[in-house]
Amino acid sequence: MADYEGILLGMGNPLLDISAVVDQGFLAKYDIKVNNAILAEDKHLPMYDEMSSKYNVEYIAGGATQNSIRVAQWLLQIPGATSFMGCIGKDKYGEEMTKNSKSAGVNVHYREDETKPTGTCAVCVVGGERSLIANLSAANCYKTEHLKRPENWALVEKAKYIYIAGFFLTVSPESIQLVAEHAAATNKVFTMNLSAPFICEFFKDAHDKALLYVDYVFGNETEAITFSKVHGWETDNVEEIAIKISQLPKASGTHKRITVITQGADPVVVAQDGKVKTYPVILLPKEKLVDTNGAGDAFVGGFLSQLVLKKPIAECVRAGCYASNVIIQRSGCTYPEKPDFN
């Protein structure tokens with residue numbers, strides 16, 4: 001199993017999820033849209049305390065990329081197969097996060113920021129659907145000099161597959177660029193997520209620059225449609241958009257770009273070589289749905305767990321669907337001790 005040590009590296013924003021079932025009034029008060037993901041503004045800052053005092057709150061180690069890496073690690077069941085970098089604060093949340101990730105078997109190399117608290121993400125659940133409001137704090141302080149330190153760059157060199165959520169574009173596009181160029185130069189597989197409509201809209205240039213290097217693009221239907229609109233494609237057809245994304249220019253010709261778009265309960269769309277294949281998801285009766293937080297992250301984690309084992313795309317999608325099905329039956333991005341995936 002030594003071949004698999006550090007095979008998958010994630011870089012992103014480690015956030016502690018503060019998760020609670022809230023009501024419609026709470027969403028309205030803080031101007032929150034269902035099923036959206038945004039960065040906290042000043043008007044949102046009081047909501048974290050209000051959630052803790054008013055609702056039954058759970059604290060779960062989160063952040064999109066870290067979730068995917070933890071799920072991949074869980075499915076692989078190979079100690080040390082995954083590693084992760086990001087920035088936390090020197091506080092109890094940071095300690096909690098480190099403990100949580102290490103016990104999940106992920107080799108975490110966090111940068112610790114002296115000045116800012118560990119980032120948090122309010123997860124507001126209404127009717128099983130989640131809305132995310134991220135207060136990045138320390139996660140926003142990731143620096144390329146941390147990445148360039150020999151012990152951290154060694155993780156990049158060891159990895160054969162790299163995954164970064166689009167959310168990291170708001171924090172350290174330079175770090176993404178360094179890793180992307182390394183992946184292209186060494187024929188590694190570089191994967192990214194569209195992550196959220198606001199990333200597609202407001203970080204278009206950074207996004208396009210990174211996409212040049214991306215071998216696998218993940219996203220959901222809302223993000224895909226926003227991406228299409230921002231690029232002036234004038235189509236809402238997810239299959240067409242997936243093909244167009246896969247055909248955007250690419251820095252390295254070693255791997256052809258593949259686009260993977262999830263659509264909730266509708267089939268997963270996979271585009272490659274100008275063609276689309278769809279794969280049905282595992283349908284879940286409404287009464288078994290606990291919350292959708294982490295469903296997309298879990299899908300990516302499941303997909304990557306099989307990709308690093310060089311399994312065919314159909315198997316990668318099957319593992320992705322399995323993982324997200326497990327996650328939506330639990331609160332937050334959590335899972336049982338052992339997977340039941342064969």
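Because only heavy atoms are used, hydrogens play no part in the values below, and waters and symmetry mates are left out as well, while side chains stay in. The shown structure was predicted, so the numbers you read here are calculated from the model rather than taken from an experiment.
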Value rounded to 0.5 Å, distance of [atom1] in [X] from [atom2] in [Y]:
X      : Y      : atom1 : atom2 : result
Leu8   : Tyr163 : CG    : OH    : 10.5 Å
Ile176 : Ile162 : CD1   : CD1   : 11.5 Å
Leu309 : Ile78  : CG    : CD1   : 6.0 Å
Cys321 : Phe303 : SG    : CZ    : 10.0 Å
Lys244 : Thr259 : NZ    : OG1   : 12.0 Å

Heavy-atom count around [X] [atom1] within 6.0 Å, excluding the residue itself: above 12?
X      : atom1 : value
Lys143 : NZ    : yes
Glu287 : CD    : yes
Lys43  : NZ    : yes
Lys277 : NZ    : no
Lys250 : NZ    : yes

Give me the ring orientation class for [X] and [Y]: parallel if the planes are under 30° apart, tilted from 30 to 60°, perpendicular past 60°.
X      : Y      : value
His182 : Trp153 : perpendicular
Phe341 : Tyr322 : tilted
Phe203 : Phe198 : perpendicular

Task: Common cluster, Leu194/Leu169, ILVMFWY with side-chain heavy-atom separation under 4.5 Å - done: yes
Open item on the list: Check for me, please, whether Leu15 and Val171 land in the same ILVMFWY cluster - side-chain distances under 4.5 Å, paths through other members count.
Closed with: yes
- [ ] Grab the two heavy atoms, one from His109 and one from Asn152, that are nearest each other, plus how far apart they are.
- [x]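 Heavy atoms only, the tightest pair is ND1-OD1, 2.8 Å.
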Task: Centroid separation Phe190 to Tyr213 less than 6.0 Å - done: no
